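For clarity, every value in this text was computed on a predicted model and none was experimentally measured.
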Amino acid sequence: MAEIVQQRIEDRIPELEQLERVGLFTKKEVKSVVKRVTALEYKLHRLIVNKEDFIAYIQYEINVLELIKKRRAHIHYKFKREEIEFPIIHRIHGIFRRATKKWKDDVQLWLSHVAFCKKWATKGQLSRVFSAMLAIHPGKPALWIMAAKSELEDQDSSESARHLFLRALRFHPNNKKVYQEYFRMELLHAEKLRKQKAELEKAEIDLGEYEFSPAILSGRLADVVYKDATGKIKEAEFVISLLNIAAIFDFTKELQDSILQDLQTNYAADSLMWDFMARRELEAPGLGEEHHSAKARALDINRREERCCQLYEEGLRNDIFNLTTMNCRVTIKWITKEVKKNYKLQILLSSGDAEGAASVAMAATERYHKSVTTWSLSLQTLVQLGSGDPARLFQEALTHVNPKVNTHVHAQVDCKRSACSSTIGLQSAVPTVAMEMKDSYLNWSYTTGGYKKARKTFKRYLQENRPLSKSFFTRMVEIEKEQEAPKMNHLREYYERALQEFGTSDDDLWLQYIQEELSTLGQPENCGKIHWRAMKFLEGESVERFVSKYTLLQTGHA
């Protein structure tokens, strides 16, 4: 073992001499590197090795690379990269290969190698790492998608990305996500070719030697993927997801029309199709303000609302909406009328007609007293205008809204003037109402009493009965960061409290915590511990999402 370690140390001598010779490292630092590396090498050559030893060695080598990079920038030295950085990068790849060969099932280890390849621009090695990883983990669709995206974005190879997607479909022939990303990739490829062609034409370069197939430029390959996907996965929701992807690109009108036609023809008995078509009509782009009068725009809005109602009613006539989807037929008709009322209320607010808005708000709550949206908008309107009695209205809302419904009553009541309403809201039997009111009360505390009162409110509610929403914690984080001198200890406290509530399912919360530590206020060395805890506590699909997002964060793509 000693001979092997000694040989590896001797192999490093040329790069260490170069580091000292060009002034990037001092003689004392070189000796420190040799001492540290010797200790790490011995750990890797023991009879029983630990994964943590490999990770520690890799991290140390990466730290050396980062230090060299900073020193180069400081002294403006750009030479001898082949003799200094390249051997270190090559050695890190070797350690990663040894580690992944021994711990093949550790996906995080593979993804760490991928992240290293991306950060240090070793594209050739990147493809080999993905290939080796997929050979061992073919049953994970997310890894196939990640590999294909890497080929498209990092290697600029649409052909390789397409090949990977086709291989992925052999293992996962009915996976929606694979088909969605494959469909997106073909559209991205077509868009890229269209841009290249436009640039060549603009430069007046002869296109004779370049091949730009009209079929590919129009997105025909994406259409092939679409037909294959919808032939295997016959769900309206899936077709709608592909239509939404196609709508991102400005050259897919023909493809979108074809998908819409299929949707209406094949899924006429599906409530999702009717709901999508109605909402699509309502949310369609309106007339531009520059060439049309206010009256014309109002007529256009009215026309789209009427068309939305007609589509819902057509679905009703076909007996599409059953009790499980929209409660009853009357509910659908009521919803379409309620939409109009809320539109009118928003228009009056934006135009500054306070009296008209207040009148419409009160009328709306009387007419649509079971509508959460209407109560929410009306309460916000009265509080904003400072008219009426929001506290009484909020209390009345609680008596009408069904507690079993997922309510989102945003009662932004002035608690200083209406303590009664805040107490009722905070103690409400409806969990969502209680959470919304706690969020509102925290905001009010900050607005009226500043940071100290907000923090006092935060601490007090932590002692009380749940539930608490995620926004309750994230708002406190925002408040802390708005201060002149935010304290990282307080930010950590808020994140730790939030993770106690949502740490098993909310991968975004863990990532936000890591990003906070990477900021100027935090300590980057804490990120490893947070990552380890996240992998331990997260459950189900949230683990894969976290791994994917964390990899992007490491490579600077988040």
Side-chain angles (χ1 to χ4, degrees), residues 1 4-5 7-12 15-16 19 24-25 29-30 32-46 48-71 81 84-133 136-137 143 146 150 154 514 517-518 523-536 546-548 550-557:
M1 180 174 73
I4 298 173
V5 172
Q7 181 61 50
R8 291 186 182 276
I9 299 301
E10 289 178 3
D11 290 342
R12 301 177 71 107
E15 72 195 57
L16 292 171
L19 282 168
L24 291 171
F25 277 22
E29 287 173 331
V30 168
S32 176
V33 170
V34 171
K35 184 178 179 181
R36 178 65 175 148
V37 166
T38 303
L40 291 168
E41 283 285 357
Y42 271 111
K43 286 184 179 180
L44 263 57
H45 288 87
R46 292 182 299 190
I48 300 175
V49 293
N50 297 319
K51 182 167 56 178
E52 289 72 21
D53 294 332
F54 280 85
I55 294 171
Y57 199 169
I58 290 167
Q59 191 59 59
Y60 179 75
E61 293 284 19
I62 291 174
N63 290 343
V64 171
L65 276 176
E66 293 283 5
L67 183 58
I68 292 170
K69 183 179 178 181
K70 289 179 181 178
R71 295 272 177 91
R81 294 186 185 277
I84 297 174
E85 279 95 339
F86 286 10
I88 301 175
I89 292 172
H90 180 72
R91 189 161 48 250
I92 293 172
H93 284 310
I95 301 170
F96 265 122
R97 281 193 297 271
R98 289 166 63 189
T100 51
K101 187 176 180 181
K102 189 168 182 62
W103 293 281
K104 296 178 181 179
D105 294 334
D106 191 332
V107 175
Q108 179 56 38
L109 200 57
W110 287 101
L111 293 177
S112 295
H113 195 181
V114 167
F116 174 76
C117 292
K118 288 186 175 184
K119 184 167 185 178
W120 294 96
T122 53
K123 292 183 178 180
Q125 190 69 30
L126 181 59
S127 295
R128 288 193 286 273
V129 172
F130 269 122
S131 180
M133 179 174 62
I136 295 167
H137 298 283
L143 298 182
M146 192 182 297
S150 174
D154 301 318
I514 289 172
E517 289 289 2
L518 290 171
Q523 295 177 320
E525 58 267 26
N526 291 340
C527 295
K529 294 178 182 177
I530 299 172
H531 176 271
W532 180 84
R533 288 171 57 205
M535 295 298 292
K536 182 178 178 182
F546 175 75
V547 168
S548 177
Y550 183 72
T551 302
L552 292 174
L553 177 64
Q554 283 185 312
T555 55
H557 290 81

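Judged as a salt bridge (Lys or Arg N to Asp or Glu O under 4.0 Å), and not counting sequence neighbours, the contacts of R91 are E15, E61. The ring pair (Phe, Tyr, Trp, His ring centres under 6.0 Å) check on F96 picks up H113, with sequence neighbours excluded. Partners of E85 under the salt bridge (Lys or Arg N to Asp or Glu O under 4.0 Å) rule, at least two apart in sequence or in another chain, are R72, R81. F54 pairs by the ring pair (Phe, Tyr, Trp, His ring centres under 6.0 Å) definition with W103, not counting sequence neighbours. Every residue was checked against the salt bridge (Lys or Arg N to Asp or Glu O under 4.0 Å) condition with R128, not counting sequence neighbours, and none meets it.
The closest donor-acceptor contact from the side chain of E517 to the backbone of P524 lies at 3.5 Å or more, if one exists at all. At least one donor-acceptor pair closer than 3.5 Å links the side chain of S112 to the backbone N or O of Q108.
Rounded to the nearest 0.5 Å, atoms CD1 (I9) and OG1 (T38) are 3.5 Å apart. Interatomic distance, R533 CZ to N526 CG, rounded to the nearest 0.5 Å: 10.0 Å.
Salt-bridge annotation for E29 and R71: present, with a side-chain N of the basic residue lying under 4.0 Å from a carboxylate O of the acidic one. Salt-bridge check for E66 with K119: passed, with a basic side-chain N closer than 4.0 Å to an acidic carboxylate O.
Shortest non-hydrogen contact noted between I68 and I88 is CD1-CD1, 3.7 Å.
N50 has its side chain out of reach of K43: every pair of non-hydrogen atoms, C-beta onward, lies at least 4.5 Å apart. With a 4.5 Å cut-off on side-chain heavy atoms, I92 and L65 count as touching.
The salt bridge (Lys or Arg N to Asp or Glu O under 4.0 Å) contacts involving residues 98-113 comprise K51-D106, where partners must be two or more places apart or lie in separate chains.
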